[in-house]
Student: 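Structure provided below as structure tokens; questions to follow.
Counting begins at 1 with the first residue of the sequence. Just follow the structure's listing: the first ligand is 1, and inside any ligand the first atom is 1.
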Amino acid sequence: MATIAPLNAPIRTLLGPGPSDIHPRVLAAMAQPTVGHLDPYYLRVMDELQSMLREVFRTKNRMTMAISGTGSAGQEAAVVNMIEPGERVLVCINGVFGNRLFDMAERAGGEVTKIERPWGEVFEVGEVKEALARVKPKIVAIVMAETSTGAWQPIGEIAAAVRDAEAMLILDTVTALGGIPVEIDNWQVDAVYSGTQKCLGCPPGLAPVSFSDRAVEKILKRPKKVQSWYLDVSMLANYWGSDRVYHHTAPINMTYALHESLRIVLEEGLEACFARHRRNHLALRAGLAALGIEYATQAGHELPQLNAVRIPSGVEDVPVRKALLERFGIEIGAGLGVFKGKVWRIGLMGYSSRQTNVLLLLAALEQLLAEQGHKFEHGAAIAAANQVYSSAK
Ligand SMILES: *Cc1c(COP(=O)(O)O)cnc(C)c1O
């Protein structure tokens, strides 16, 4: 066999829908020595991880932990534990991840009804209330930050309506957590999941989750076992709780990574972290406006960490993204579903949300859009972004 060369991964600037850039401190944490999953040192790391997760989720939920697997594993864990076969479920769909919730809820045996909004739009509390009255679900599932469309779904009023209807709420915060305020206890969310590789600035591989006491009680009372052995919260609880019963071998070094990324978020402070995401979004937005690029998301509901913008007419999607990657090392995201070929998704998530990246991307876009014959005032994008940064001081 020919000799295989060692890995030599290129350095990229990750400005897509995830994964996002990894803080060097997180990569360094991953290179620490692997210990056993029942080593007293590791148990301490788990305890610290749980307490930091409670802070970022803004919850006191005991059952707060990291599922082994990416965001989708957290999503599946929430769905298969909360939904019992035959239970009525309401899923709100306004993009790819709402659709995925629907698919998972059906697979879990739920009797699932969906309500839908066009891509880029968010749900009003009124239409959710109407559906609650009509469907009388036991469980409602909704996405807070729809990464396929850049839409920021307000949760507070909808969560209150779900509670009034005596249903339980599953909330997707994969792209939300660490980028915009997530208030699990204030909203009384029953099951929430996230991922490490979006706004937490950590490689993909773990899924933070949290279940309310009410939810845990429902799960422990299930007459029929959760069909997934790996994701069964009642068994995972025996490992993450004080019993420390072996369930599966925890991904030790991924846990180190998440531990360090949470330390970084909390060192900065959640409010400062949200403000940084917002400032970089406003600068990007001003720069894109100067290039004649508009948002594809319902006005007033644009996520700061995921900018879904319309590709200007006359500009080709694939050549621009290819040149961004090949000539500048920048990755941005393509449009999915109905946005395919029409929208770019520019992520400014976690450690990627930096002034350096905003200015680099705008400069690169000026060059590439000019080559495509797109008309705009040269230099105006950088000037507009700088204007936002200087007025923010
Ligand atoms: C990325 C994402 C997921 C899935 O996470 P993976 O880490 O890709 O498995 C689920 N929901 C939303 C809103 C996401 O953005």
Student: Answer yes or no for A145: is there a heavy-atom contact with ligand 1 below 4.0 Å?
Tutor: yes

Student: Heavy-atom contacts under 4.0 Å between A207 and ligand 1: side chain, backbone, both, or neither?
Tutor: neither

Student: Tell me the protein heavy atom at minimum distance from atom 3 (C) of ligand 1, and give that distance in Å.
Tutor: F97 CE2, 3.4 Å

Student: Out of V174, T173, D172, T147, who is nearest to atom 15 (O) of ligand 1 when you count heavy atoms only?
Tutor: T147

Student: Is there a donor in the side chain of S352 and an acceptor in the side chain of S20, or the other way round, less than 3.5 Å apart?
Tutor: no

Student: Side chain, backbone, both or neither: which applies to K198 and ligand 1 if a contact is any heavy-atom pair less than 4.0 Å apart?
Tutor: side chain

Student: Any cation-pi pair here, R278 with F274, using under 6.0 Å and within 45°?
Tutor: no

Student: What residue and atom, counting heavy atoms only, is the protein's closest point to atom 8 (O) of ligand 1, and at what distance?
Tutor: Q197 NE2, 3.7 Å

Student: Against the six-membered ring of F97, is K198 placed for a cation-pi contact (under 6.0 Å from the centre, within 45° of the normal)?
Tutor: yes

Student: Could you tell me which atoms of ligand 1, counted from 1 in the order shown, lie closer than 4.0 angstrom to a heavy atom of T175?
Tutor: 15 (O)

Student: At a 4.0 Å threshold, what atoms of ligand 1 neighbour a non-hydrogen atom of Q75?
Tutor: 10 (C)

Student: Does this structure show an ion pair linking R276 with E268, if we count only N-O contacts that are shorter than 4.0 Å?
Tutor: yes

Student: Measure centre to centre between the rings of H248 and W229, then say whether the value is under 6.0 Å.
Tutor: no

Student: So, do H37 and Y42 have ring centers that fall under 6.0 Å from each other?
Tutor: no

Student: Any heavy atom of E146 closer to ligand 1 than 4.0 angstrom?
Tutor: no

Student: Could you check atom 4 (C) of ligand 1 against the protein and tell me its nearest heavy-atom contact, residue, atom and distance included?
Tutor: S72 OG, 3.4 Å

Student: Charged N to carboxylate O below 4.0 Å: is that the case for D213 and K60?
Tutor: no

